[in-house]
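Taking it in order: structure first as structure tokens, then the write-up.
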2 protein chains.
Amino acid sequence: MSEEEKNKLLAFAARLYYMEGFSQGEVARVLSVSQAKVSRLLKQARAKGIVRIQVEDFQPYDGELEEKLEKAFSLKKAVVLRVPPASSAEAARRSMGFLSAPKVMELLKGVKTLGITGGRSLMETIRFLPSQGWEPGLQVVQLMGNVGAVALESDALELGRMIARKGGGTFFSLNTPAFLADGDTRNALFRHEQVKSVRNLFKSLDAALVGIGTLEDSLFIYQEALKPAQIRTLLAKGAVGEICGRFFGPKGKECPSPYKDQVVSIRLEELVKVPLVIGITMGRDRAPAVAAALRGGLVKALVIDAEGAEGLLEYVSQEPKTKAAEKSRGKGGRA
Amino acid sequence: MSEEEKNKLLAFAARLYYMEGFSQGEVARVLSVSQAKVSRLLKQARAKGIVRIQVEDFQPYDGELEEKLEKAFSLKKAVVLRVPPASSAEAARRSMGFLSAPKVMELLKGVKTLGITGGRSLMETIRFLPSQGWEPGLQVVQLMGNVGAVALESDALELGRMIARKGGGTFFSLNTPAFLADGDTRNALFRHEQVKSVRNLFKSLDAALVGIGTLEDSLFIYQEALKPAQIRTLLAKGAVGEICGRFFGPKGKECPSPYKDQVVSIRLEELVKVPLVIGITMGRDRAPAVAAALRGGLVKALVIDAEGAEGLLEYVSQEPKTKAAEKSRGKGGRA
DNA sequence: TTCTATTCTGAATAAATATTCTCGAGTTCA
DNA sequence: TGAACTCGAGAATATTTATTCAGAATAGAA
């Protein structure tokens, strides 16, 4: 059968299937071949371009907002995702995870030592990371202890494990709670060899993946690691956001609070020195926390949904003289 | 969810499915919905034109050849089918049947009394005729007796039944062999009420569907109703083709042969009077038979494959002074 | 020729997709 | 307030599609 004839056959089969709505079995009966063959013919027809399928394009990345964010905060990279509408925040995070994964993967190119924290958005991103394309000898470092006794699959521990498994690397686990009863206990832990060795890795991180928490809606509250009264105290001290269990004020500096010395996690001063900290967050209401983190240099690349990006830009355009000042006044300045 | 948002969702799902090669289950996981919903989303996306599927067009009807045939033979209608390449004659007939069915159906619009003969091409066409769109009170009349003792599914009997069933009409069966030992037996049969009543219907046919046989490859030979010696005799008498068990010469007039009076079928003189006789045939080698049938007005509408149509036109362009004359000389003129 | 190696097939089967069914949430109307 | 209705969802299931497998056909090499 000549090539041309073959194409006629493919076009005929494809027409019946795609245009007339025949099932493959029906096409098979017309052509006197097996259904299996029809399936193969159709595959060929698609491959040869005899059947063309176009999908109205859905551009999931908003380049314009990305540019604005990069400029506004001197970011290394902003990724703004147009998350398709979803019926729940959970579903939206899932979609965001899917869309963000290839971008995050790009950012992580060449990264050998990667710090990781917990968080639901972060989890969804990590879920969709591929098993290919990682640096050989990848080291994944848990940046903060575990929040609460109930193990969550969005804990730093779990996420670190997952990412190490995908990358075929080693996971360095802290194996401690995130919050301890007092500073002494924490310091005692710090003397433990295992904890010490992991904390030493904090200095040699190439990159880190972090979530950005607010005071209102964070894993700490959800996990009851912090009581409402404690949250109120933090708010009074000017805290607007949290990363790695460390609370910071509007400039992105850690708040001096009693809890500061009870936390097992990378210090914000250390985090600032990490060449690439990728923050992943979602939603409008995170604007103050995100803005602060970006200003403080805690996060150098931001992955955010379009809603959140807009909210963030709106927030900073009206805030400098109002909210920030107000907050600062509210509790005493620097943070 | 706004219409625009909805479309975003559809585009996203469609993109994943059609462009990225995700399964519906995978898309479902990304969107946090059920696979069933994804199936429905995709259907919507297709309906809304968010997904467009184009198939390189395969034009199954050759209008140019149709026109040429209609002009050359003063036909009421010619249908020329570009039959997709097939691995066997059987398969080709099947495809042809499929393509011809809607055209035949169109021709049969308004037909109340329809004559029918046997034949393999005819069978395939009839197979693909729909069960809708027939004239109420349809009458299907068997135009010739059964060829051979072995019942074939391409017999007039079977085909008539099938068409009557589809059309919700009545089938009038001849219930006799096509060839009888001698004229007397036949005439005796003609006196039977049943046969008589059916033969009376021959006069009131609105249309007929017939196959066109050759001397070389016909059901008669296949069914051994005619012996090779008999075929040779017919050839010597100038027969070039056969319809309804009646052999005709190059001008489409019945050959005067001994068998003529042993056949139970519509006479060619009667057939010529039927307003619409649709001949269905396939293949280059049928050219002489088809040409003769058309010239004799035995067939007023022709359904043929492109190959056959080309062969037919080539044949008539070179034949009038050669083959036809030769044949005529060969046996004695008129027929 | 005869022997691989490759390609093609359809039957069987695994996998994916469409549909049916049922339930529950929301709405309208008495 | 609640009955009746619509809508939209997923679980279960029916149907369709893709793949695997084993054998037949074909081509190429010796």
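Side-chain atoms are counted along with the backbone in the values below, which use heavy atoms only and exclude waters and symmetry mates. Letters A, B, ... mirror the listed sequences (proteins, then strands); counts begin at 1.
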**Report entry** Summary of side chain to side chain donor-acceptor pair (under 3.5 Å) pairs that have at least one residue in residues 278-287 of chain A, sequence neighbours excluded
**Finding:** A/D217-A/R286, A/R284-A/E307, A/R284-A/E314
Query - B/Y17 side chain vs B/S39 backbone, donor-acceptor pair below 3.5 Å - result: no
Query raised in the report: Where the side chain of B/R120 meets the backbone of B/S154, is there a donor-acceptor pair that is under 3.5 Å apart?
Result: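 Here the side-chain-to-backbone pair does not exist.
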[X]: which residues meet the side chain to side chain donor-acceptor pair (under 3.5 Å) condition with it, sequence neighbours left out?
X: A/D305; answer: none
X: A/E90; answer: A/R93
X: B/S100; answer: B/T125
X: B/Q35; answer: B/Q24

Show which side-chain atoms of residues 160-169 of chain B pair as donor or acceptor with protein atoms under 3.5 Å away, not counting sequence neighbours.
{"from": "B/K166", "atom 1": "NZ", "to": "B/I126", "atom 2": "O", "distance (Å)": "3.3"}
{"from": "B/K166", "atom 1": "NZ", "to": "B/R127", "atom 2": "O", "distance (Å)": "2.6"}
{"from": "B/K166", "atom 1": "NZ", "to": "B/L129", "atom 2": "O", "distance (Å)": "2.8"}

Query raised in the report: So with a 6.0 Å cut-off around CD of A/Q132, is the heavy-atom count from everything else above 12?
Result: no
Query raised in the report: For DNA chain D, which nucleotides open and close the run of contacts to chain A, 5' to 3', at under 4.0 angstrom from a non-hydrogen atom?
Result: D/dT17 to D/dT20
Query raised in the report: Residues from residues 28-41 of chain A sitting under 4.0 Å of DNA chain C, heavy atoms only?
Result: A/V33, A/S34, A/A36, A/K37, A/R40
Report summary line: Sorted by number, residues from residues 18-26 of chain A placing a heavy atom under 4.0 Å from DNA chain C are none
Query raised in the report: Going 5' to 3' on DNA chain C, which nucleotide is the first and which the last to come under 4.0 Å of a heavy atom in chain A?
Result: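 Contact span on the strand: C/dT9 to C/dA11.
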Requested in this report: Describe, as an angle rounded to 10 degrees, how the axis at the first end of the helix from C/dT1-D/dA30 to C/dA30-D/dT1 is tilted relative to the axis at the last end, five pairs per end.
Outcome: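 Inter-axis angle at the termini of the helix from C/dT1-D/dA30 to C/dA30-D/dT1: 20°.
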Let me check something: any side-chain donor-acceptor pairs from residues 48-55 of chain A under 3.5 Å, sequence neighbours excluded? List them with distances.
{"from": "A/K48", "atom 1": "NZ", "to": "A/E3", "atom 2": "OE2", "distance (Å)": "2.6"}
{"from": "A/K48", "atom 1": "NZ", "to": "A/N7", "atom 2": "OD1", "distance (Å)": "2.8"}
{"from": "A/R52", "atom 1": "NE", "to": "B/Q54", "atom 2": "OE1", "distance (Å)": "3.1"}
{"from": "A/R52", "atom 1": "NH1", "to": "A/G49", "atom 2": "O", "distance (Å)": "3.0"}
{"from": "A/R52", "atom 1": "NH2", "to": "B/Q54", "atom 2": "OE1", "distance (Å)": "3.3"}
{"from": "A/Q54", "atom 1": "OE1", "to": "B/R52", "atom 2": "NE", "distance (Å)": "3.1"}
{"from": "A/Q54", "atom 1": "OE1", "to": "B/R52", "atom 2": "NH2", "distance (Å)": "3.3"}

